[in-house]
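Notes to accompany the following structure.
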Amino acid sequence: LRLALQAASWGVLALFGVVFAGSFAFKVGLVDESISFFDLAGRLGYPQALLWQRGISLYYANRFEEGAAQFRKDVELNPDDTEEAIWAMACEARLPQQGGFASA
């Protein structure tokens with residue numbers, strides 16, 4: 001049991017490491033690479049809906065539809081989280097069919 005708990009702990013740490021790598025890549029301007037790290041974290045078991053950092057990377061990669069979907073997943077889990085709701089609206093405002101900020 002102890003070994004199983006240790007192995008599980010290392011798995012959790014590895015997931016956080018991948019998320020940290022994505023955040024670091026974003027901070028140094030490697031936006032596409034950050035998205036790859038966040039996607040990897042999701043494939044490895046990190047809850048996809050909690051990857052709000054991925055949504056910010058998607059926004060800066062001009063992938064607004066995917067960014068809005070990412071933030072909306074987070075808001076579904078935590079409807080009181082206004083920051084993610086605002087990011088979702090910012091993404092949606094940049095969608096061509098919405099007319100962008102210029103039409104607001």
Side-chain angles (χ1 to χ4, degrees):
L1 178 63
R2 190 169 137 192
L3 288 175
L5 288 174
Q6 286 176 336
S9 296
W10 283 110
V12 169
L13 288 175
L15 283 177
F16 282 114
V18 175
V19 173
F20 176 81
S23 296
F24 182 78
F26 177 82
K27 287 178 184 175
V28 298
L30 302 172
V31 176
D32 290 332
E33 290 81 354
S34 72
I35 295 167
S36 295
F37 279 115
F38 296 134
D39 288 346
L40 175 61
R43 286 192 305 274
L44 293 174
Y46 195 91
Q48 190 74 29
L50 298 180
L51 286 170
W52 57 267
Q53 305 95 322
R54 179 178 180 268
I56 294 173
S57 293
L58 290 167
Y59 179 88
Y60 282 97
N62 296 321
R63 292 167 55 181
F64 304 115
E65 191 167 336
E66 292 172 81
Q70 178 67 52
F71 289 119
R72 293 287 177 203
K73 287 179 196 172
D74 187 286
V75 171
E76 284 177 20
L77 286 179
N78 184 6
D80 296 328
D81 197 342
T82 56
E83 186 176 0
E84 276 72 6
I86 292 167
W87 273 106
M89 288 185 273
C91 288
E92 290 163 353
R94 299 290 304 267
L95 292 173
Q97 63 269 29
Q98 301 298 325
F101 286 119
S103 67

(request) Write down the atom of Q53, the atom of S23, and the distance for their closest heavy-atom approach. (result) CG-OG, 4.0 Å

(message) Starting from V31, can I reach F71 by hopping between I/L/V/M/F/W/Y residues whose side chains sit under 4.5 Å apart?
(response) yes

(message) Quick test of your reading: applying ring-ring contact (aromatic ring centres under 6.0 Å, His included), list the pairs with at least one residue in residues 27-46, sequence neighbours left out, ordered by first then second residue.
(response) F16-Y46

(request) Heavy atoms only: give me the nearest G67-C91 pair and the separation to one decimal. (result) C-SG, 3.8 Å

(message) Taking side-chain hydrogen bond (donor to acceptor under 3.5 Å, both in side chains) as the definition, give me every residue that meets it alongside E83, ordered by chain and number, with sequence neighbours left out.
(response) none

(request) Output all residues satisfying salt bridge (Lys or Arg N to Asp or Glu O under 4.0 Å) with E66, sequence neighbours left out; order by chain, then residue number. (result) R63

(message) Whether the side chain of Q70 engages the backbone of L51 through a donor-acceptor N/O pair (distance < 3.5 Å, no angle test) should be reported.
(response) yes

(request) Using the test ring-ring contact (aromatic ring centres under 6.0 Å, His included), find all partners of F24 that sit at least two apart in sequence or belong to another chain. (result) none

(request) Please name all residues satisfying side-chain contact (heavy atoms from CB on, under 4.5 Å) with N62, sequence neighbours left out, ordered by chain then number. (result) F64, R94

(request) Determine the minimum heavy-atom distance between A85 and V75, stating which atoms define it. (result) N-CG2, 3.6 Å

(request) Report the C-alpha distance between Y60 and F26 in whole Å, list the side-chain angles of each, state the deciding distance to 0.1 Å, and finish with yes or no for side chain to side chain contact (heavy atoms under 4.5 Å, CB included). (result) CA-CA 9 Å; Y60 282 97; F26 177 82; 3.7 Å; yes

(message) Working to the nearest 0.5 angstrom, can you tell me the gap between M89 CE and R72 CZ?
(response) 6.5 Å

(request) To the nearest 0.5 angstrom, please state how far the CH2 atom of W87 sits from the CG atom of D81. (result) 13.0 Å

(request) Please answer: with hydrophobic residues joined when any side-chain heavy atoms are less than 4.5 Å apart, are L40 and L50 in the same cluster? (result) yes

(request) Enumerate the residue pairs fulfilling salt bridge (Lys or Arg N to Asp or Glu O under 4.0 Å) with a member in residues 19-47, sequence neighbours excluded, ordered by first and then second residue. (result) D39-R54

(request) List the atom of S34, the atom of S57, and the distance in Å for their closest heavy-atom pair. (result) OG-OG, 2.8 Å

(request) List the atom of L15, the atom of A41, and the distance in Å for their closest heavy-atom pair. (result) CD2-O, 3.8 Å

